[in-house]
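Right, one structure below, let's go through it.
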Amino acid sequence: MSEYDEYLMVQAEAGQPNLMFADEKQQARFELGISMLVHSWDALDIAVINQWGGVESSDKRDWISGVIVGLFKDNKAVDSPLIEETLLYAMLDEFDTHVDDGTAQPVASNMIKLYDECRQLNFSRVEDLYTKWLEKQKNGPSKERYVQVDEVSSDDDEEDDDEEEEDGMDVDMDQDVPELVTKPEPVVDDDGFELVQKKGKRRN
């Protein structure tokens with residue numbers, strides 16, 4: 001069993017209406033840590049780089065961070081399954097992406113652990129995540145994170161998509177698909193010789 005299969009939960013202190021920290025700096029550190037964990041999620045990072053959520057993909061990632069922080073602001077108790085479910089739903093709703101590789105589990109678990117650490121005024125994880133994020137911004141996104149897909153959905157001709165997939169051809173969603181040009185069949189005269197055809201202008 002993976003360490004992330006365990007059920008993790010945090011509860012508000014007695015008399016507290018939610019899981020917000022009373023100290024503003026403490027709360028700010030926690031929110032920064034949540035944002036850094038969201039940014040470190042590879043599945044979401046790839047979706048943002050490839051703009052699967054449109055031109056506002058980066059803003060949508062920030063919005064997801066706000067949604068997770070909102071769970072702690074609005075509830076007296078938050079558990080890892082709730083965070084995981086929120087992350088997966090956001091990916092599906094905002095990026096049309098179904099993540100089933102289990103990577104949302106460790107992100108959710110680390111968010112619960114992060115809260116406990118911030119409650120104990122331990123901000124080492126936040127600082128480490130922030131340092132890694134700064135380094136990543138300095139180096140820029142990896143080209144390997146620009147992914148290609150095996151098929152392009154089309155309402156007009158789904159059979160063509162299936163043929164492309166069978167041939168193992170990868171089509172980049174960001175590239176324009178070139179128009180197919182059919183090569184004319186050779187014309188043979190009565191003596192069996194192939195006639196040379198002039199190249200005419202393409203019809204509009």
Exercise for the section: Identify the two heavy atoms, one from S80 and one from A108, that lie closest to each other, and give their separation to 0.1 Å. Expected result: O-CB, 3.4 Å
Practice task
Look at R61 together with E94 and state whether they make a salt bridge at an N to O cut-off of under 4.0 Å.
Solution key: no
Practice task
May I ask you to decide if L37's main-chain N or O and S40's side chain share a donor-acceptor pair within less than 3.5 Å?
Solution key: yes
Handout entry: Y130 atom OH, over 12 foreign heavy atoms within 6.0 Å
Key = no
Exercise for the section: List the atom of L8, the atom of I112, and the distance in Å for their closest heavy-atom pair. Expected result: CB-CG2, 3.8 Å
Exercise for the section: Look at the side chain of D93 and the backbone N and O of Y89, then say whether any donor-acceptor pair between them is shorter than 3.5 Å. Expected result: no
Exercise for the section: Search all heavy atoms of Q16 against all heavy atoms of K76 and return the closest pair with its distance. Expected result: O-CE, 3.8 Å
Handout entry: H39 side, atom NE2; D62 side, atom CG - distance, nearest 0.5 Å
Key = 5.0 Å
Practice task
For the residue pair V10 and R119, establish whether any side-chain heavy-atom pair is separated by less than 4.5 Å.
Solution key: yes
Practice task
Could you state whether L92 and V67 fall into the same hydrophobic cluster, counting links through intermediate Ile, Leu, Val, Met, Phe, Trp or Tyr residues with side-chain heavy atoms under 4.5 angstrom apart?
Solution key: no
Practice task
Show your reasoning for whether salt bridge (Lys or Arg N to Asp or Glu O under 4.0 Å) applies to E117 and R29.
Solution key: CA-CA 11 Å; E117 292 167 358; R29 291 288 186 90; over 6 Å; no
Exercise for the section: Could you tell me whether a side-chain N or O of T131 sits under 3.5 Å from a main-chain N or O of E127, the two making a donor and an acceptor? Expected result: yes
Practice task
Please lay out, stage by stage, how F95 and I64 fare under the test side chain to side chain contact (heavy atoms under 4.5 Å, CB included).
Solution key: CA-CA 11 Å; F95 294 91; I64 292 175; 4.1 Å; yes
Practice task
Taking all heavy atoms of L19 and all of Q11, pick out the closest pair and write down the distance.
Solution key: CD2-C, 3.3 Å
Practice task
Compare every heavy atom of L114 with every heavy atom of G33, then report the nearest pair and how far apart it is.
Solution key: C-CD2, 3.4 Å
Exercise for the section: For residues V69 and Q27, determine if any side-chain heavy atom of one lies less than 4.5 Å from a side-chain heavy atom of the other. Expected result: yes
Fill in the blank from the handout: d(L82 CG, N75 CG) to nearest 0.5 Å is 7.0 Å
Completion exercise
Output for pair (M20 CE, D74 CG), nearest 0.5 Å, gives 9.5 Å
Handout entry: Side-chain touch L129/R125, heavy atoms, less than 4.5 angstrom
Key = yes
Completion exercise
One should read off an interatomic distance between I68 CD1 and W63 CH2, to the nearest 0.5 angstrom, of 9.0 Å
Completion exercise
Distance col, row E84:CD vs T103:OG1, nearest 0.5 angstrom, shows 9.0 Å
Handout entry: Atom CD of Q137: over 12 foreign heavy atoms under 6.0 Å
Key = yes
Completion exercise
One should read off an interatomic distance between M9 CE and I83 CD1, to the nearest 0.5 angstrom, of 12.0 Å
Problem - Side-chain H-bond candidate by donor/acceptor type, S57 with W52, under 3.5 Å - result: no
Problem - Side chain Q26, main chain C118, donor-acceptor under 3.5 Å - result: yes
Problem - With Y115 via ring pair (Phe, Tyr, Trp, His ring centres under 6.0 Å) - residues at least two apart - result: F21, F30, F72
Completion exercise
Looking only at heavy atoms, the pair that brings K60 and G53 closest together is NZ-O, 2.8 Å
